[in-house]
Protein chains: 2
Amino acid sequence: MPSRAQATRDRLQRVALRLFLERGYDATTVNDVAEAAGVSHMTFFRHFPTKESVVLDDPYDPLIGELVRAQPTDLPPLERARRGLLAAWSSLPEPADDETRARVRLVAGHPGLRAHAWENNQRTEDLVAEVLRDGGAPRLEARVAAGACLGALTAALLDWGAADDGPLGPRVVAALELLGGRR
Amino acid sequence: MPSRAQATRDRLQRVALRLFLERGYDATTVNDVAEAAGVSHMTFFRHFPTKESVVLDDPYDPLIGELVRAQPTDLPPLERARRGLLAAWSSLPEPADDETRARVRLVAGHPGLRAHAWENNQRTEDLVAEVLRDGGAPRLEARVAAGACLGALTAALLDWGAADDGPLGPRVVAALELLGGRR
DNA sequence: GCTTCTGATGTTAGTCACTAACATCAGCTG
DNA sequence: CAGCTGATGTTAGTGACTAACATCAGAAGC
């Protein structure tokens with residue numbers, strides 16, 4: 001991980017977020033970002049495969065997979081997914097700073113970005129569904145459980161982004177609790 | 001609904017699906033589709049706002065909103081959403097023909113298309129969440145219920161698309177049943 | 001210090017989705 | 001047949017993204 005490249009990458013990301021917030025995402029071209037960061041647009045694309053990807057990072061999949069797998073297989077799949085995601089959440093550092101909220105809002109307010117964010121989510125969902133299937137769940141049930149839990153997680157994140165106050169954690173926990181089978 | 005325009009639209013959609021299946025989505029340009037349909041690329045974009053939209057139609061939102069709203073407000077939001085979506089489903093014609101399955105597969109196999117399909121889904125989700133809030137549900141709970149139900153629906157659709165046999169309807173019903181609070 | 005090698009970056013010239021402005025053409029109405 | 005209107009074509013863009021090739025900065029070895 002050479003440091004010059006890493007510095008350029010960080011600079012691009014920082015500058016991009018700032019410009020997107022200032023001028024709006026669509027009104028900011030990749031060229032604007034590159035120029036403001038003092039590089040050419042090619043350098044931008046060497047660090048980020050798409051304009052959207054500069055806003056969206058999501059490296060948590062492996063951890064989630066592990067922790068869902070660690071839940072007892074005699075639970076119903078929905079419950080297993082739920083507990084696994086709760087466990088994953090509680091083992092992560094709270095990333096709920098203001099910059100993250102700004103990022104969530106940026107994404108929430110832009111259909112294209114929302115769609116891309118959902119792609120990440122979908123990858124996680126596929127992973128969770130696969131783990132559930134390995135634990136013996138029928139395919140449909142595995143997918144539904146994964147879809148419902150990830151849907152709830154996303155809802156919590158968007159809800160937190162739209163709110164002005166309060167930490168993310170409790171919302172995530174509350175969202176997953178709501179799937180917990182009380183009626 | 002003038003008939004010439006409608007005919008052109010239908011032709012574009014038919015030709016597009018055929019070419020996408022034959023050559024792949026990315027390898028087919030909008031110009032290819034337009035040319036094969038005997039029109040210019042501008043005509044394509046007059047009928048479909050994006051290349052992706054020619055594959056994705058989704059006019060069911062208003063019905064879903066109505067039917068969720070029609071469920072008793074003294075039910076928990078998740079249950080209300082669940083029953084409303086079940087009602088909406090059972091009042092729709094079964095669209096589960098081979099062409100639809102081909103379409104679902106096309107979408108499932110292409111990240112960009114999946115993302116766009118999710119946008120439609122998100123619109124529906126927002127609508128359902130809003131209806132639930134109108135019925136007195138707290139914001140987070142409304143979003144979670146909507147997210148979980150729509151996630152389950154999508155899972156059912158993808159599951160059906162990936163399978164070789166069987167109708168869609170029962171899968172949808174089964175998916176929503178799985179959210180029905182048994183543990 | 002100088003060469004050399006390599007990874008980071010720049011330049012240039014594309015393709016393709018998508019848009020705006022304006023021209024034209026087909027079919028219907030009077 | 002004149003005229004109107006909606007469907008379509010033409011042209012000329014912008015902007016995301018890619019490929020090919022050139023260059024430049026810094027570390028490694030001499």
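Below, chains carry the letters A, B, ... as their sequence lines are ordered, and counting in each starts from 1.
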Engineer: I want to check one thing: is the phosphate of dG10(C), taken as OP1 and OP2, less than 4.0 Å away from some side-chain N or O of T43(A)?
Structural biologist: yes
Engineer: Could you list the cluster mates of L158(B)? Members are the ILVMFWY residues connected by side-chain heavy atoms closer than 4.5 Å, either directly or through other members.
Structural biologist: none
Engineer: Starting at NE2 of H47(B) and ending at P of dG6(D), how long is that distance when rounded to a whole Å?
Structural biologist: 14 Å
Engineer: Between W118(B) and W118(A), what is the ring plane arrangement, given parallel below 30°, perpendicular above 60°, and tilted in between?
Structural biologist: parallel
Engineer: Tell me, please, which residues at least two apart from S90(A) pass side chain to side chain donor-acceptor pair (under 3.5 Å).
Structural biologist: none
Engineer: Can you name the salt bridge (Lys or Arg N to Asp or Glu O under 4.0 Å) partners of R14(A), sequence neighbours left out?
Structural biologist: none
Engineer: To the nearest Å, how far apart are E35(A) CD and dT9(C) P?
Structural biologist: 17 Å
Engineer: Which atom pairs link the protein and nucleotides 14-21 of chain C when you take only N or O atoms and keep those under 3.5 Å?
Structural biologist:
{"residue": "dA17(C)", "atom": "OP1", "partner": "K51(B)", "partner atom": "NZ", "Å": "3.2"}
{"residue": "dA17(C)", "atom": "OP2", "partner": "V30(B)", "partner atom": "N", "Å": "3.2"}
{"residue": "dC18(C)", "atom": "OP2", "partner": "K51(B)", "partner atom": "N", "Å": "2.5"}
{"residue": "dT19(C)", "atom": "O4", "partner": "H41(B)", "partner atom": "NE2", "Å": "3.2"}

Engineer: Using distance only, find each side-chain donor-acceptor pair of residues 67-77 of chain B under 3.5 Å and give its atom names and separation, not counting sequence neighbours.
Structural biologist:
{"residue": "R69(B)", "atom": "NH2", "partner": "D134(B)", "partner atom": "OD2", "Å": "3.0"}
{"residue": "Q71(B)", "atom": "NE2", "partner": "L67(B)", "partner atom": "O", "Å": "2.9"}

Engineer: Rounded to whole angstrom units, what separation is found between the CD atom of Q6(A) and the P atom of dG26(D)?
Structural biologist: 18 Å
Engineer: In residues 33-42 of chain B, what donor-acceptor pairs under 3.5 Å come from side-chain atoms, sequence neighbours left out?
Structural biologist:
{"residue": "S40(B)", "atom": "OG", "partner": "M42(B)", "partner atom": "N", "Å": "3.3"}

Engineer: Classify G112(B) by what it touches in the nucleic acid, base, sugar-phosphate, or nothing, heavy-atom distance under 4.0 Å.
Structural biologist: nothing
